[in-house]
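Only a predicted model underlies this, so the values are computations on that prediction, with no experimental measurement involved. Indexing begins at 1, ligand by ligand and atom by atom, following the structure's order.
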Amino acid sequence: MYDARRDLLAREIQSQCRGKLKRDEPLAKHTTFGLGGAADLFFSPADLGDLAIAVPLIKDAGLPIFPLGGGTNTLVRDSGFRGLVISLTTGARRIEIGDDEGVIQAGASTQVVSRQCQRAGKTGLEFGCGIPGTIGGAIWGNAGAWGGETMDCVNWLRGIDLRTSREIYLEQSDISFGYRHTDLPDDLLIVEAGFRLAEGDPKTIAAEMDRMLSERKSTQPLSNRSSGCIFKNPPGHSAGALIDSAGCKGMAIGAVKVSDVHANFMVNLGGHSTEDVLALIARVQKRVFQVHKIELETEVGILGE
Ligand code: EPU
């Protein structure tokens, strides 16, 4: 019954849409950690028109749906995902930079957007120059760095409610957000957003970006596969400093290790198991609690059964 539903949906999407539909797609290929089992179905619409055709079909099939951004903050369990993943990284990544606003599709790379704004002499999004992942993911999790936060710059967003196929339009003031958090629902597929920009000097912006990038290079383990910071900073503390002073640097399970460079990063040194990451997360949480009496909360989300 279940497989029949999945196969029917796959055939419907393939016959009506122009985008790519893959079956049993390994999500390890789509996460920066390089880990995770397969998704039953993986759909990359060709463009927003294609997406509009697919969403009602997906909704009617009743399979679980997961909108995946750049896979930078998602840990996919080894058992994979018994549903359909939607990815906008090929079909919706247009960047239009206007005078005081950039209209950016959700699948655009945050780093590319940041660089294009710099080249166009627009200031506001330079903090995104070192943040991997997509604009959709950056909005959903309110990604930030060097004092900048994505949601601070969002004027409005458009998306699709995947439960009803309805279009959604939200202004920044409709959205509640804070450090690494928004109240946007899991079944909202962010499609595009308007970002506040201001006039700036391309050279000055580039210099600021260079400073951020070199700081990042010297403090974060960029040559290894990772999910960025694993834990949120607890109020008034740095998770990295807490983990470091609890003696967790170098702690490892399988080929997953707490980075020697920055303790809030876990690096994948060639492993194949997300369960190792999850076990290491639990071990670090336990040690930090024993030493500091502080509970660390993960920044990364977990997908799969
Ligand atoms: N520290 C240690 N040991 C470590 C790591 C850090 O003692 O192993 C100390 C540092 O010396 C510093 C303090 O902890 O005094 C804070 O470290 P850092 O400046 O690296 O900043 P962070 O709070 O760990 C945050 C974001 C990063 C972002 C940087 C730069 C979080 C969880 N992390 O890191 O974001 O790139 O600031 O703005 O908010 C991410 O979210 O994935 C991420 C990488």
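- Under a 4.5 Å side-chain heavy-atom cut-off, the cluster of Ile, Leu, Val, Met, Phe, Trp and Tyr residues that includes Phe265 has no other member.
- Among pairs with a residue in residues 246-263, those fulfilling salt bridge (Lys or Arg N to Asp or Glu O under 4.0 Å) read Asp244-Lys249, Lys257-Asp260, at least two apart in sequence or across chains.
- Using cut-offs of 30° and 60° for the angle between ring planes, the Phe42 and His30 rings count as parallel.
- Ligand 1 lies under 4.0 Å from heavy atoms of Ala145, Trp146, Tyr179, Arg180, Gln220, Gly228, Cys229, Phe231, Asn233, Ser238, Gly240, Ala241, Asp244, Lys249, His262, Ala263, Asn264, Phe265, Glu299.
- For Lys293, the NZ atom is densely surrounded, since the number of other residues' heavy atoms within 6.0 Å is greater than 12.
- The 12-atom threshold is not exceeded at NZ of Lys20, counting heavy atoms of other residues, nucleotides or ligands nearer than 6.0 Å.
- Contacts classified as salt bridge (Lys or Arg N to Asp or Glu O under 4.0 Å) and involving residues 116-130 (residues at least two apart or in different chains) are given here: Lys122-Glu199.
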